[in-house]
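Written below as structure tokens is the structure these notes are about.
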Amino acid sequence: MILTGPEIHHRVTTKEIDIDPFDPGHLSPNSYDLHLGTSIGWYTRRDLDCARDNPFEHHTIPAEGLVLSPGRIYLASTAERVGSDVFVPIIRARSSMARLGLFVHVTADLIDIGSHGHLTLQLHAVQPVRIYPRLRVAQVTFWQVKGDIELYCGKYQATGELPMPSQLHRDFRGR
């Protein structure tokens, strides 16, 4: 069951949902809008290796914006810290961004219950598109769970304001 906007607001006040900063003006009928933070990053090699730590560099999104180019994955953090120990957050692009050809977090949209932090968004542009810091880019929904809850305690827990590149190499056992 998905929570409505008013229910999200209520659950933020009861501390069952963590959205910080929280602004009731960013609630929709069944979601909460998320903003880009000020940091973005990308891998510096064209060929990426699942078994290795891939070189990655962080940058600041300038006030005048940054043009994202097709053919590259960009990682950016949300301005908001998001999480819940009771509900499962799922993030998606706002339709306004999708209509500009910007894929925002198309894969891995499920945030594990118990995970809290600034979310790392995967951005992919179909054609060149300019983004700005604090741009309203995504939305988060919250879903009720059925069954025993085991809280997430993995490698992406408590992410800070910088986007976090893949940590898959830490789990790789194939070599």
Side-chain angles (χ1 to χ4, degrees), residues 1-41 58 60-68 73-126 129-154 156-164:
M1 174 180 359
I2 189 172
L3 299 187
T4 64
E7 188 65 16
I8 292 170
H9 188 199
H10 170 70
R11 300 301 179 129
V12 168
T13 63
T14 64
K15 308 262 189 251
E16 293 170 282
I17 291 176
D18 175 21
I19 301 175
D20 184 36
F22 177 76
D23 179 345
H26 297 147
L27 283 165
S28 295
N30 57 358
S31 64
Y32 185 85
D33 288 343
L34 298 174
H35 301 76
L36 283 178
T38 58
S39 296
I40 192 166
H58 291 94
T60 299
I61 303 171
E64 64 274 9
L66 175 71
V67 176
L68 304 184
I73 187 77
Y74 297 89
L75 302 181
S77 292
T78 58
E80 296 85 1
R81 181 182 176 339
V82 177
S84 178
D85 291 348
V86 180
F87 302 100
V88 175
I90 296 180
I91 54 176
R92 295 190 173 90
R94 293 184 69 237
S95 64
S96 299
M97 298 309 302
R99 293 168 198 219
L100 292 174
L102 183 62
F103 288 95
V104 178
H105 219 77
V106 174
T107 62
D109 61 348
L110 182 124
I111 308 304
D112 285 317
I113 193 165
S115 178
H116 294 261
H118 294 267
L119 305 176
T120 295
L121 304 173
Q122 299 100 36
L123 306 177
H124 175 74
V126 172
V129 62
R130 185 177 297 273
I131 62 165
Y132 299 88
R134 307 294 182 207
L135 177 68
R136 228 171 5 174
V137 69
Q139 56 191 346
V140 61
T141 56
F142 293 90
W143 295 76
Q144 195 167 32
V145 299
K146 181 177 181 178
D148 296 335
I149 293 175
E150 292 183 25
L151 299 179
Y152 176 78
C153 59
Y156 298 109
Q157 180 66 284
T159 53
E161 293 183 23
L162 293 176
M164 180 179 269

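A 6.0 Å sphere centred on CD of Glu64 holds more than 12 heavy atoms belonging to other residues, nucleotides or ligands.
At a threshold of 4.5 Å between non-hydrogen side-chain atoms, the residues Ile17 and Phe87 count as touching. A heavy-atom distance below 4.5 Å is not found between the side chains of Phe103 and Leu123. Between Leu27 and Phe22 there is a side-chain heavy-atom pair separated by less than 4.5 Å. Side chains of Leu119 and Ile111 form a contact here, defined as non-hydrogen atoms less than 4.5 Å apart. Counting only heavy atoms from C-beta outward, the side chains of Val88 and Gln144 never approach each other to under 4.5 Å. Taking the side chain as every heavy atom from C-beta outward, Ile149 and Asp85 never approach each other to under 4.5 Å. Side-chain contact between Glu161 and Ser77 is absent, with no heavy atoms from C-beta onward closer than 4.5 Å.
The shortest non-hydrogen separation linking Pro21 to Tyr32 is O-OH, 3.7 Å. Taking every heavy atom of both residues into account, Tyr74 and Val67 meet most closely at OH-O, 4.4 Å. Closest of all the heavy-atom pairs between Ala76 and Ile40 is CB-CG1, 4.1 Å. Closest of all the heavy-atom pairs between Arg81 and Asp18 is NH1-OD2, 2.8 Å. Here the closest heavy-atom approach between residue Pro89 and residue Val140 is recorded as CB-CG2, 3.7 Å.
Side chain of His35 to main chain of Ala79: no donor-acceptor pair is present (N/O by atom type, distance under 3.5 Å, no hydrogens or angles). Side-chain N or O atoms of Ser84 include one that pairs as donor or acceptor with a backbone N or O of Glu16 at under 3.5 Å. When atom types are taken as modelled, the side chain of Thr13 and the backbone of His10 share a donor-acceptor pair closer than 3.5 angstrom.
With rounding to the nearest 0.5 Å, the separation of NE2 in His26 from CD1 in Ile19 is 11.5 Å.
Judged purely by distance below 3.5 Å, without hydrogens or angles, the side chains of Thr78 and Glu80 never pair a donor atom with an acceptor atom.
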